[in-house]
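One structure is given here, and the rest of the page talks about it.
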2 protein chains.
Amino acid sequence: MNREPEPDLDSVDLHILTELQQDGRMTNVELARRVNLSAPPCLRRVRRLEETGIIRGYHADVDPVALGWEITFFALVGLESQKQAILEAFEVLATTWPEVRECHMIRGGGDFLLRLVARDTAHENELTSRLTNAPSVLRVQTLQTIRTAKDAAGVPIG
Amino acid sequence: MNREPEPDLDSVDLHILTELQQDGRMTNVELARRVNLSAPPCLRRVRRLEETGIIRGYHADVDPVALGWEITFFALVGLESQKQAILEAFEVLATTWPEVRECHMIRGGGDFLLRLVARDTAHENELTSRLTNAPSVLRVQTLQTIRTAKDAAGVPIG
DNA sequence: CCCCTGGCGCAATATCATTGCAGGACCCCA
DNA sequence: TGGGGTCCTGCAATGATATTGCGCCAGGGG
């Protein structure tokens, strides 16, 4: 997990990242075949990518609806102050709720963009009002997703 | 990939989902150990979760900054019409750009929320103006992430 | 021209994935 | 109450994979 220098990735590394970003559970043998390498050096490259923090982990992509999370929505939250303590207090609040899946501080001051899931409309309303009534919260704009046209894993490579 | 009935997940299935959501590359033997099952039934359960579409896939989580994507930002795009053809044209545009990683249509009409990555500020500006100048685009509000307090994979389970 | 470094492939071995099979729990219905 | 399904488990065998050790080759300096 170092954080400094030139990662110095060659085209084979980028190819590996592309493949694992697409299918993180591919066997090493299959991966090696796709990047035209034998298994051992391929595995060594993967390990190096993991150790340097370029690959941060692997995650199963679970269907929210199948687990009863019918609604995914975003919330743009404005706070009444940009004081450090207030920002941090809100972050603690947000990261504590399990329904909050992402919490991004937005440049420009005092705003956060959240991604949340809810079991149904009532639950969504409840979450929204819990947000609205949270300390220091000035306004909450909810953005409910009705269709996701693209949800690409990770980043473009190459 | 069925789409209908009761998934009928028991606590072991939920435990499996929790573990794989956390570490999608865990070996089946390790997973079985964690959920207190022997390897074969554990693997059968995982396969069933994959086949029913509850597990949609596995992805390596690649560090954007390590690959030169210094900036992650969101864009809230308003279109001048909610006509089907215009919405679809915008979706095609958005999903075509590699820098657009997510594209969500927002309830309320004519708005999209995008997540994008950019190599640097100049690149971000270029993307923003390309969005602003795209056909039917009325307004673009960019929300630049300066800190991500939480970025949880998937959904809460349990 | 030789040495050092780095990365590769081969081959051996430890682990893991996958399949076939037998047994137990549960349920329905006679 | 008891036979026959159904479903799911664990054990054991077998084929694949992951992992390690090692020798080889290419490139960059002295």
Side-chain angles (χ1 to χ4, degrees), chain A residues 1-63 66-68 153-154 157-158, chain B residues 1-63 66-68 153-154 157-158:
Chain A
M1 278 298 191
N2 76 46
R3 192 54 35 214
E4 333 77 33
E6 276 307 272
D8 189 36
L9 303 173
D10 65 15
S11 66
V12 177
D13 289 319
L14 295 179
H15 195 169
I16 287 174
L17 291 173
T18 303
E19 295 293 341
L20 287 181
Q21 202 168 254
Q22 184 104 35
D23 177 5
R25 230 166 181 233
M26 188 182 301
T27 67
N28 182 59
V29 167
E30 171 65 12
L31 179 61
R33 195 187 61 68
R34 295 195 188 196
V35 304
N36 286 315
L37 220 54
S38 61
C42 183
L43 185 64
R44 283 190 288 261
R45 279 168 181 265
V46 171
R47 291 282 178 268
R48 189 166 63 82
L49 292 169
E50 290 166 355
E51 282 160 14
T52 56
I54 293 170
I55 293 178
R56 296 187 291 199
Y58 303 88
H59 305 287
D61 172 19
V62 176
D63 181 3
L67 264 68
I157 293 178
Chain B
M1 278 297 192
N2 76 47
R3 190 56 34 216
E4 331 77 34
E6 277 306 274
D8 189 36
L9 303 172
D10 66 15
S11 67
V12 178
D13 289 319
L14 295 179
H15 195 169
I16 287 174
L17 290 173
T18 303
E19 294 293 341
L20 287 181
Q21 203 168 252
Q22 184 105 36
D23 176 4
R25 234 175 172 222
M26 189 181 301
T27 68
N28 181 59
V29 167
E30 171 65 13
L31 179 61
R33 194 187 61 70
R34 295 196 188 194
V35 303
N36 286 315
L37 221 53
S38 61
C42 183
L43 184 63
R44 283 189 289 260
R45 280 167 180 267
V46 171
R47 291 283 177 267
R48 189 166 64 82
L49 292 168
E50 290 166 354
E51 282 160 14
T52 56
I54 293 170
I55 294 178
R56 297 187 292 201
Y58 303 88
H59 304 286
D61 172 18
V62 175
D63 181 3
L67 264 69
I157 293 178

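Residue numbers start from 1 in every chain, and the chains themselves are labelled A, B, ... in the order their sequence lines are given, proteins ahead of strands.
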The nucleotide from D/dT20, C/dA17, D/dA18 with an atom nearest the side chain of A/Thr27 is D/dA18
How long is the line joining CE of A/Met26 and P of C/dC16, in whole Å?
-> 21 Å
Nucleotide of D/dG21, C/dA17, D/dT9 approaching B/Leu43 most closely (side-chain heavy atoms) = C/dA17
Is there a side-chain polar atom (N or O) of A/Arg45 under 4.0 Å from OP1 or OP2 of C/dC8?
-> yes
Apply side-chain contact (heavy atoms from CB on, under 4.5 Å) to the pair A/Arg34 and A/Thr18, showing each step before the final yes or no.
-> CA-CA 11 Å; A/Arg34 295 195 188 196; A/Thr18 303; over 6 Å; no
Main-chain N/O of B/Gly57 paired with A/Asp61 side-chain donor or acceptor, under 3.5 Å = no
When rounded to whole Å, the CG to C1' distance for the pair A/Asn28 and C/dG9 reads 14 Å
Checking D/dG10, D/dT17, D/dT19 against the side chain of B/Ser38 (C-beta onward), the nearest is D/dG10
State plainly whether the residues B/Asp8 and B/Arg48 are in salt-bridge range, i.e. N to O under 4.0 Å.
-> no
Take the protein atom CZ of B/Arg33 and the nucleotide atom P of D/dG10, then report the distance between them rounded to whole Å.
-> 15 Å
For the side chain of A/Leu37, counting heavy atoms from C-beta on, which of C/dG9, C/dA17, D/dA18 is nearest?
-> C/dG9
Heavy atoms of other groups near B/Glu19 CD, more than 12 under 6.0 Å = yes
Toward the 5' end of DNA chain D, by each residue's nearest nucleotide, B/Val12 or B/Arg25 = B/Val12
Report the distance from atom CZ of B/Arg44 to atom C1' of C/dC21, rounded to the nearest whole Å.
-> 10 Å
Polar side-chain atom of B/Arg25 near backbone of A/Met26 as donor-acceptor pair, under 3.5 Å = yes
State which of C/dA11, C/dT18, D/dA18 makes the closest approach to the side chain of A/Pro40.
-> C/dA11
Which whole-number value in Å describes the distance from B/Glu30 CD to C/dA17 P?
-> 10 Å
Would you say D/dT19 has OP1 or OP2 under 4.0 Å from some side-chain N or O of A/Arg47?
-> yes
Nearest whole angstrom, please: distance from the C1' of D/dT9 to the CZ of B/Arg48.
-> 14 Å
Check every atom of D/dT17, D/dG10, D/dT19 against the side chain of B/Pro41 and return the nucleotide holding the closest atom.
-> D/dG10
